[in-house]
Amino acid sequence: MASVQPPPAPLAPHRPSIAAALRFYSPAVSPRVSPSPAARSRRLAVAARAMPWPHVLTVAGSDSGAGAGIQADIKACAALGAYCSSVITAVTAQNTVGVQGVHAVPEEFVGEQLRSVLSDMSVDVVKTGMLPSAGIVKVLCESLRKFPVKALVVDPVMVSTSGDTLSGPSTLTTYRDELFPMADIVTPNVKEASKLLGDVSLQTISDMRSAAESIYKLGPKYVLVKGGDMPDSTDAIDVFFDGKEFIELRGLRIKTRNTHGTGCTLASCIAAELAKGASMLHAVEAAKKFVESALYHSKDLVIGNGPQGPFDHLFSLKSPLYKMGSLHKFNPDDLFLYAVTDSGMNKKWGRSIEDAVKAAIEGGATIVQLREKDAETREFLEAAKTCVEICRSSGVPLLINDRIDVALACNADGVHVGQSDMPAWEVRELLGPGKIIGVSCKTPAQAEQAWKDGADYIGCGGVFPTTTKANNPTLGFEGLRTVCFASKLPVVAIGGINARNAGSVMELGLPNLKGVAVVSALFDRECVATETRSLRSILMNACSRS
Ligand SMILES: Cc1ncc(COP(=O)(O)OP(=O)(O)O)c(N)n1
Ligand SMILES: Cc1ncsc1CCOP(=O)(O)O
Ligand SMILES: [Mg+2]
């Protein structure tokens, strides 16, 4: 057995930059004398501390089919840029049909693996999966007391998705009494939550909230009850509870047989995000997005003959959408100055769509929408492809108005649709989880529906009268205010907004209002860049006042 080292020093709160760490090796520091082996290893140790790699230790079972368990955890962490070490608690004979056998690793040897990793490596976060016996849970708790880590993510794996038992009833008590009080987050699905609470029935979101509250009382800092298995839901709703507030996290329900390992993956992603420094809610949100994207990109994979297949954690290595950087993480702040093009106006001023987009970006537009109502499809697509390149090279998202086909063909970052266009949930089905979807809404009910349909933001207007869109009722500040207060999504105001009134819109200081979308005040002008620049500075001044 390897000798046990003292626990690693805690991470320094301030991490020097990679450049600073590299300077440490610069020949300029020591041009002639080559360092002794001892000095070199001291330098390596210092450099290693200067450039830590977010580190997750998974304590879980091996899945021979590699869809779940240790194998899923390592792939998930790798995909999210975290190092993942592994302590194996059980070896399972498993495939897409089910679990054919379980061979638990003796407690002492689980303890030895834990000692090996925790005494040597700077582990940030421990994530647990299958813990097949009460003895193993106890060994883990002892190790964590001896070698504390920054966070503990507990995925209380008890029954496999195929219905096979992975952890006996005696383990339940130890989970509740010893492990949960040490946990930062516990992530049961509804079946596990029900088991943990003595087989209570969980049928509704309100039941999930009560379950989250009861599990929270067992000691963890946060609880996530996963509703993926809830009957009759078109989307996957999870309930997150921090001891005070319940947050319903909605996700897209991807139609696929390849869902084996989603629980392990979600918990590992939470652990990886925490190791990288995210807050708990952000870690959970990022983890949900990752799982959703992985399922989406793997929905047609065929591995094995059973009812539940594995999915591809490393889809980002293959997907051209990811490779080309189009998988935009939507940032609501991008709505700040939303430039919406108009082919008629650009023609009038003798400029191409591409030149109009370039000028808007030069002036500081934070997001662009191609709203080309009269363009021929082929001409529009060609221009859209060039605009995608222009926007991508500037890091500005590009959306297409109305035309899902054009958005798909040019690999735009998203689409904006109105109430008479394709419903947002259908758009989401077609575009997948990684794209941005905006929906025009004039009422709280429309805003609620947009949220349910999986939109990312809403456009609300016309705030002022406009001639750009015919027969568009004016909502005024009151209409905008009503929608902003009701919306669960970020809002961009649109309609008749220009340099004279944009400041007054932002100064309303409405909740969820992130910016203004403008057509004529940018594009029905001689110099688009100048107009954009001046509007941007008006908005910035207004925001600093409100
Ligand atoms: C940001 C933004 N908000 C609203 C709209 C209007 O969309 P829609 O109601 O579909 O009307 P058309 O633009 O298609 O005429 C928008 N385009 N952008
Ligand atoms: C597309 C749209 N949707 C609501 S108002 C509007 C037109 C906005 O154009 P302008 O900024 O020129 O008033
Ligand atoms: Mg439309």
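In each ligand, atom 1 is the first atom listed, and ligand 1 is the first ligand listed.
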Salt-bridge present (Lys127, Asp73; N to O < 4.0 Å):
yes
Do the non-hydrogen side-chain atoms of Cys460 and Val492 ever get within less than 4.5 Å of each other?
no
I want to know if ligand 2 touches Thr466 in the polar sense, i.e. an N/O pair below 3.5 angstrom.
yes
Nearest protein heavy atom with distance in Å, relative to atom 11 (O) of ligand 2:
Val519 N, 2.9 Å
Is a donor on one side and an acceptor on the other found under 3.5 Å between the side chain of Ser298 and the backbone of Asp312?
yes
Does the distance from a Lys or Arg side-chain N to an Asp or Glu carboxylate O, for Lys150 and Asp184, drop under 4.0 Å?
no
Using a 3.5 Å cut-off and no angle test, enumerate the donor-acceptor pairs between side-chain atoms of residues 515-528 and protein atoms at least two apart in sequence or in another chain.
{"residue": "Asp524", "atom": "OD1", "partner": "Lys348", "partner atom": "NZ", "Å": "2.8"}
{"residue": "Asp524", "atom": "OD1", "partner": "Trp349", "partner atom": "NE1", "Å": "3.0"}
{"residue": "Arg525", "atom": "NH1", "partner": "Ser520", "partner atom": "O", "Å": "3.3"}

Geometric N/O contact Ile494 with ligand 2, under 3.5 angstrom
no
Could you check whether Phe311 and His297 have their ring centres less than 6.0 Å apart?
no
One thing to verify: whether Arg209 and Glu248 come together as a salt bridge, which I'm taking to mean a side-chain N less than 4.0 angstrom from a carboxylate O.
yes
So the atoms of ligand 2 within less than 4.0 Å of a heavy atom of Asn472 turn out to be 4 (C), 5 (S)
Starting from atom 3 (N) of ligand 2, which protein heavy atom do you reach first, and at what distance in Å?
Lys469 CD, 3.4 Å
So that I can tick it off, tell me whether Arg403 and Asp405 are bridged by a salt bridge, with the cut-off set at under 4.0 angstrom between side-chain N and carboxylate O.
yes
Donor-acceptor pairs under 3.5 Å, side chain of residues 473-482 to any protein atom, not counting sequence neighbours: which ones?
{"residue": "Glu478", "atom": "OE2", "partner": "Arg481", "partner atom": "NE", "Å": "3.1"}
{"residue": "Thr482", "atom": "OG1", "partner": "Glu478", "partner atom": "O", "Å": "2.8"}

Classify the contact between Thr468 and ligand 2 as side chain, backbone, both or neither, using a heavy-atom distance cut-off of under 4.0 Å.
side chain
Which of the ligand 2 atoms, numbered from 1, are nearer than 4.0 Å to a heavy atom of Ser520
10 (P), 11 (O), 12 (O)
I'd like the residue list for ligand 1, meaning every protein residue with a non-hydrogen atom under 4.0 Å from the ligand.
Tyr338, Gln369, Arg371, Lys373, Asn401, Asp402, His416, Val417, Gly418, Asp421, Ser440, Gly459, Lys469, Val492, Ile494, Ala517
Assess Lys288 against Phe290: is NZ or CZ under 6.0 Å from the centre of the six-membered ring, and within 45 degrees of the ring's axis?
no
With atoms numbered from 1 as shown, which atoms in ligand 2 lie under 4.0 angstrom from a non-hydrogen atom of Arg371?
1 (C)
Contact check: Gly461 vs ligand 2, nitrogen or oxygen atoms, below 3.5 angstrom:
no
In this structure, are over 12 heavy atoms from other groups packed under 6.0 Å from Phe241 atom CZ?
yes
My understanding is that only one of Ile458, Asn472, Val483 makes a side chain to side chain contact (heavy atoms under 4.5 Å, CB included) with Lys442; could you say which?
Asn472
Neighbouring protein N, O or S atoms of the Mg ion (ligand 3) [cut-off: under 2.8 Å, no waters]
Asp402 OD1, Asp421 OD2
Using the side-chain hydrogen bond (donor to acceptor under 3.5 Å, both in side chains) rule, take Gln369 and Thr341 through it: C-alpha gap first, then chi angles, then the decisive distance, then the call.
CA-CA 6 Å; Gln369 179 189 137; Thr341 69; over 6 Å; no
I'd like to know if Ala521 contacts ligand 2, where contact means a heavy-atom distance under 4.0 Å to any ligand atom.
no
Are the side chain of Glu292 and the backbone of Pro433 linked by a donor-acceptor contact shorter than 3.5 Å?
no
